[in-house]
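One structure is given here, and the rest of the page talks about it.
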Amino acid sequence: MEKLKAREKDRRIRRSTIEVTAEYLIIAILALAFIVPFIWLILSSFKTSQDLFRTPPRWLPETWTIGNYIQGFTGFPFLKYLGNTLFIIAFNVIGGLFSNSLVAYGFSRIKWKGRNAVFYLVLMTMVLPFQVTMIPLFLMFQKLGWIGTFLPLIVPSFFGNAFFIFLLRQFLVGVPYDISESAKIDGASEFTIFYRIIIPLAKPALTTVAIFTFMNCWNDFIGPLVFLTDNKLYTLSIGIQQLMSTNDPRWPLVIAVGVSMTLPMLAIFFILQKYFIEGISFSGIKG
């Protein structure tokens, strides 16, 4: 009997080891599928045009050069476009954090008639892509005289985003209501509870919203293309497109600028990944 139990235990251990090994193998394959193209992108940024289009292709450049990065910073107004991009991002992050957290607080912590119906109506707007609302927005901003300025890319962030409202609302629903009730007994107003109690507790979710907002603005191409008309106001995404739209696109230069645009997002994610993962996980399981 003891031998049978021992054999069964060994069989379970072997099965568990095989399952774990298979899981790690699948994860490693998927990781390579994402990492290999990025490594190729980085190596290609140090190649000349001849190396880049060599047949058959080679991983390592025959002649290493940093000229692509030098031209990327000096060959076109990289710093100007970078400043425009960061300016738009800064206001979008500020407006997004304030408006989305305030609306999410109203949907999660304050009881009022029709709250759920309005919340579902807000969620329904998520199915509308930007291409559907682009023309009405353009006509509205044109009548306001905002076309050719940063305002169409900044002001909407102060009116909330359905996905971010949902994300924050799910997080705030999980915060015990006893905290708010105790604060109200002590004479705190709703805004005081929101600012001094709820906001500090919601740091992981707010960090997640800030990261998503940064990524959306950093990669946004259609918005600046539609609303910006002055070359001096262009963002990096439009600047790179200008490099690609010439009769003789300088692909090594385009790749180098692309790497320069990718690295900040990776750095921000790795620095804030603790809050990002925590915000996503808590928003997904609570509420």
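As a basis for the values below, the full set of heavy atoms in this structure was taken, side chains included, without hydrogen atoms, waters or symmetry mates.
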Is there a path of hydrophobic side-chain contacts, each under 4.5 Å between heavy atoms of I, L, V, M, F, W or Y residues, that connects Leu60 with Leu41? yes
Quick one: does Ile222's side chain get under 4.5 Å of Gln131's, heavy atoms only? yes
Pairing of Glu190 and Lys184 as salt bridge, 4.0 angstrom limit: yes
Is the ring centre of Phe34 less than 6.0 Å from the ring centre of Phe38? no
Ring-plane angle category for Tyr81 and Tyr234, please: parallel below 30°, perpendicular beyond 60°, tilted otherwise. tilted
What closest approach, in Å, do Ala104 and Ile165 show between heavy atoms, and which atom pair accounts for it? CB-O, 3.8 Å
Between CD1 of Ile198 and CD1 of Ile179, what distance do you get to the nearest 0.5 Å? 6.5 Å
Could you see if Leu25 belongs to whatever hydrophobic cluster contains Ile35? Use Ile, Leu, Val, Met, Phe, Trp, Tyr and a side-chain cutoff under 4.5 Å. no
Contact check, side chains of Ile199 and Leu206, non-hydrogen atoms, under 4.5 Å: yes
Out of curiosity, Phe91 CZ to Leu151 CG, how far, rounded to the nearest 0.5 Å? 10.0 Å
As an exercise, state the distance from CE of Met261 to CG of Leu236, rounded to the nearest 0.5 Å. 5.0 Å
Quick one: salt bridge (charged side-chain N to carboxylate O under 4.0 Å, His left out) pairs with a partner in residues 101-121, sequence neighbours left out? none
Student check: side-chain heavy atoms of Ile255 and Leu52 closer than 4.5 Å: yes
Heavy-atom side-chain contact between Phe227 and Trp146 under 4.5 Å: no
Using the rule that Ile, Leu, Val, Met, Phe, Trp and Tyr join whenever any side-chain heavy atoms are under 4.5 Å apart, tell me whether Leu121 and Met126 fall into a single cluster. no
Ile29 with Ile39, same ILVMFWY side-chain cluster at under 4.5 Å: no
Checking the side chain of Asn92 only, and the main-chain atoms of Cys217 only, is there a donor and an acceptor separated by less than 3.5 Å? no
Backbone of Ala188 reached by a side-chain donor or acceptor of Asp186 within 3.5 Å: no
Indicate yes or no: at least one non-hydrogen side-chain atom of Asn84 is less than 4.5 angstrom from one of Phe150. yes
Donor-acceptor contact below 3.5 Å, side chain Asp51 vs main chain Glu62: yes
Between Tyr105 and Asn100: side-chain donor-acceptor atoms closer than 3.5 Å: no
Quick one: does Asp220's side chain have a donor or acceptor within less than 3.5 Å of a partner on Asn216's backbone? no
Could you tell me the separation between the CG atom of Leu102 and the CG atom of Leu97, rounded to the nearest 0.5 Å? 12.0 Å
In short, Phe163 meets Asn161 closest at the heavy-atom pair N-OD1, 3.0 Å
Which pair of non-hydrogen atoms, one from Ile197 and one from Ala183, has the smallest distance, and what is that distance? CD1-CB, 3.5 Å
Under the ring-ring contact (aromatic ring centres under 6.0 Å, His included) test against Phe46, which residue among Trp64, Trp59, Trp40 passes? Trp64
Just by distance, with hydrogens left out, do Tyr69 and Ser45 show a side-chain donor and acceptor under 3.5 Å apart? yes
Check the orientation of Phe191 and Phe194. Use parallel for under 30°, tilted for 30 to 60°, and perpendicular for over 60°. tilted
Quick check: does any side chain N or O of Ser99 sit under 3.5 Å from a backbone N or O of Ser157, one acting as donor and the other as acceptor? yes
Linking I/L/V/M/F/W/Y whenever any side-chain heavy atoms sit under 4.5 Å apart, do Leu172 and Trp112 land together? yes
Are any of the side-chain heavy atoms of Leu86 and Trp218 separated by less than 4.5 Å? yes
Does the ring center of Phe158 lie less than 6.0 Å from the ring center of Phe98? no
Side chain to side chain contact (heavy atoms under 4.5 Å, CB included), paired with Ile88, selected from Val93, Leu233, Thr235: Thr235
Flag the pair Ile147 / Phe138 as yes when at least one side-chain heavy-atom distance between them is below 4.5 Å, and no otherwise. yes
When you compare the side chain of Pro252 with that of Lys47, does any pair of heavy atoms fall below 4.5 Å? no
Please name the pair of heavy atoms, one in Leu123 and one in Ala162, separated by the smallest distance, quoted to 0.1 Å. CD2-O, 4.3 Å
Holding to side chain to side chain donor-acceptor pair (under 3.5 Å), I want the full list of residues that pass it with Thr192, two or more places apart in sequence or in another chain. Ser189
